[in-house]
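Before any comments, here is the structure.
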2 protein chains.
Amino acid sequence: MRTLKYAILGLLNQNDMSGYDMSEAFGETLNEFWHAKHSQIYPELKKLTDEGMVMAEEDETSNRSRKVYHITNKGREDFMAWLGKDEDLPETPKDIFRLRVFFFSRLPMDTRRKLMDSQKLAHELRLRHLESNKQAKGFNQNIPAKDDDAWGDYLVLMSAIMREEMMIDWCNRCLELMK
Amino acid sequence: MRTLKYAILGLLNQNDMSGYDMSEAFGETLNEFWHAKHSQIYPELKKLTDEGMVMAEEDETSNRSRKVYHITNKGREDFMAWLGKDEDLPETPKDIFRLRVFFFSRLPMDTRRKLMDSQKLAHELRLRHLESNKQAKGFNQNIPAKDDDAWGDYLVLMSAIMREEMMIDWCNRCLELMK
DNA sequence: TTACTCATGTAAAGAGTTACATGATTGC
DNA sequence: GCAATCATGTAACTCTTTACATGAGTAA
């Protein structure tokens with residue numbers, strides 16, 4: 001499926017950037033739903049260059065040695081074809097914690113509670129982090145325009161917040177049942 | 001991390017079963033949060049046998065040639081140590097659709113709407129499927145006892161339902177914003 | 001000068017999917 | 001007889017992570 005390819009092309013379709021910049025993008029906004037290590041990004045950029053999807057040039061403005069990539073017309077066409085394509089839902093993503101919960105009946109009640117409390121706390125921290133991101137991006141004041149690149153960012157951030165709220169809600173219900 | 005190992009040990013800790021039975025378990029209840037193809041299960045069972053975690057015997061009661069596995073004491077100890085261990089939250093799982101939404105501003109509005117409608121429908125179908133599972137397992141009538149293996153099944157099914165409801169909710173909010 | 005960040009790469013191993021391959025049993 | 005299901009396995013490939021490796025600039 002080469003999804004990383006499209007994640008990279010999508011970023012380059014918004015702005016020219018280096019492999020390092022992409023690692024950072026995958027560590028910030030996009031992080032909630034996609035990520036990749038630099039050891040995966042650099043080889044993929046090389047491959048995309050060979051395929052004529054992107055082009056690199058040395059960044060002369062920087063005093064560090066960095067390669068800035070930009071998307072080609074071919075790359076843009078390929079990306080846009082992918083972007084508008086309606087795909088089947090993939091299998092639900094794997095979740096180690098919920099796998100653990102599936103086997104919970106074998107644990108003493110206080111251990112179950114401890115694990116569930118810890119899980120809840122972790123999601124609360126994540127939620128707070130997302131809320132502060134939302135604040136920092138000004139999404140609390142105004143929603144981005146529909147043709148602004150930040151619009152997708154907004155929807156995805158909203159989704160991440162809803163997911164964390166749901167997880168906390170579930171933890172609470174489970175803790176209720178453990179009383 | 002060898003999570004598949006623990007998924008298998010967990011299943012064998014509940015009941016003796018064959019590799020084929022495990023594929024089926026991964027396709028039913030557990031499917032919402034873990035799954036594996038037979039091509040991954042059989043080699044793992046072989047490895048676990050070599051490690052002394054499980055033991056196989058020919059099923060004489062069946063007129064088909066099947067190997068039934070059971071967990072050893074060593075396997076059970078290893079599984080229980082894993083089960084009670086509090087691990088850090090992993091990175092959020094990748095989600096192709098939300099990656100797509102991140103780049104939505106580049107698509108015409110009717111395409112965005114079409115993709116979002118289709119996504120919503122897919123989650124509605126999944127939710128209905130989960131609700132009928134819940135009904136079939138009798139979880140609407142009574143909640144399993146805390147020491148029953150079905151207890152974990154119940155919590156995990158509840159979580160899957162909440163996830164699908166959240167996704168539908170998010171789709172609705174996005175569609176609202178696209179008006 | 002030392003630690004940190006920026007910046008780019010490769011190698012090896014592990015996890016997971018798809019395809020290849022076989023054979024017996026059951027129900028129509 | 002034929003299709004579907006039961007049942008087990010291997011091979012090749014893709015995707016992802018961890019570890020190895022290097023070097024230059026920046027700030028204390």
Side-chain angles (χ1 to χ4, degrees), chain A residues 1-8 11 16-28 30-31 33-51 54 56-69 87-96 99, chain B residues 1-9 11 16-28 30-31 33-51 54 56-69 82 87-96 99:
Chain A
M1 279 198 301
R2 300 205 47 200
T3 313
L4 177 59
K5 167 184 164 180
Y6 295 108
I8 287 175
L11 287 176
D16 291 356
M17 61 177 81
S18 68
Y20 190 86
D21 296 332
M22 283 171 206
S23 311
E24 298 222 304
F26 285 133
E28 285 159 26
L30 242 175
N31 182 261
F33 299 108
W34 208 266
H35 51 90
K37 317 268 177 183
H38 75 274
S39 56
Q40 211 185 348
I41 294 170
Y42 291 120
E44 187 65 32
L45 281 170
K46 201 178 175 185
K47 199 173 174 188
L48 289 172
T49 306
D50 293 343
E51 292 170 343
V54 303
E57 47 186 358
E58 275 300 320
D59 182 2
E60 306 295 350
T61 68
S62 167
N63 40 6
R64 292 163 191 275
S65 78
R66 41 180 262 133
K67 283 188 206 169
V68 175
Y69 287 85
E87 278 173 304
D88 286 342
L89 270 198
E91 282 190 281
T92 53
K94 293 178 176 183
D95 184 316
I96 298 183
L99 173 65
Chain B
M1 276 200 303
R2 300 202 51 198
T3 312
L4 177 59
K5 168 184 163 179
Y6 295 107
I8 287 175
L9 289 179
L11 287 176
D16 290 356
M17 61 177 83
S18 68
Y20 190 86
D21 296 332
M22 284 172 206
S23 312
E24 297 222 304
F26 285 134
E28 285 160 24
L30 242 174
N31 182 262
F33 298 109
W34 208 266
H35 50 91
K37 317 268 175 182
H38 75 275
S39 56
Q40 211 184 348
I41 293 171
Y42 291 120
E44 187 66 33
L45 281 170
K46 202 179 175 184
K47 200 174 173 189
L48 289 172
T49 306
D50 293 344
E51 293 170 343
V54 304
E57 45 185 359
E58 275 300 319
D59 183 2
E60 307 295 350
T61 67
S62 168
N63 40 4
R64 291 166 191 274
S65 79
R66 40 181 264 135
K67 282 187 205 168
V68 176
Y69 287 85
W82 170 82
E87 277 173 304
D88 286 341
L89 270 198
E91 282 189 278
T92 52
K94 294 177 176 183
D95 184 316
I96 298 182
L99 173 66

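Letters A, B, ... are given to chains in the order of the sequence lines, protein chains preceding strands, and every chain is numbered from 1. It should be emphasised that the depicted structure is a prediction, and the values quoted were computed from it without experimental measurement. Any value given below was found using the heavy atoms of this structure, including those in side chains, with hydrogens, waters and symmetry copies removed.
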With no hydrogens and no angle check, do the side chains of A:Asp21 and A:Ser18 hold a donor and an acceptor under 3.5 Å apart?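 Yes, a side-chain donor-acceptor pair sits under 3.5 Å.
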Given [options], which nucleotide is nearest the side-chain atoms of [X]?
X	options	value
B:Asp21	D:dT26, D:dA7, D:dT10	D:dA7
A:Arg64	D:dT17, C:dT25, C:dT5	C:dT5
A:Lys46	D:dC15, C:dT10, C:dT17	C:dT10
B:His35	C:dT17, D:dC15, C:dC6	C:dT17
A:Tyr20	C:dA7, C:dT10, D:dT8	C:dA7
B:Arg66	C:dT17, D:dT8, C:dG9	D:dT8

Value in whole Å for how far the P atom of C:dC6 lies from CD of A:Glu58: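 A:Glu58 atom CD is separated from C:dC6 atom P by 18 Å.
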From CG of B:Asp59 over to C1' of C:dT25, roughly how many Å is that when rounded to an integer? 14 Å
Should B:Glu44 and B:Arg2 count as an ion pair when the cut-off is N to O under 4.0 Å?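 A salt bridge links B:Glu44 with B:Arg2.
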Carboxylate-amine/guanidinium contact B:Glu51 B:Lys46, below 4.0 Å: no
B:Tyr42 or A:Lys37: which one's nearest nucleotide on DNA chain D is closer to the 5' end? B:Tyr42
Here's a test of your reading of the structure: between A:Glu44 and A:Asn63, which maps to the more 5' nucleotide of DNA chain D?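 Between the two, 5'-proximity favours A:Glu44.
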Does the B:Asn31 side chain pair with the main chain of B:Phe26, one donor and one acceptor, at a distance under 3.5 Å? yes
Spell out yes or no: do the side chain of A:Ser39 and the base of D:dT16 have one donor N/O and one acceptor N/O closer than 3.5 Å?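 No, the side chain and the base share no sub-3.5 Å donor-acceptor pair.
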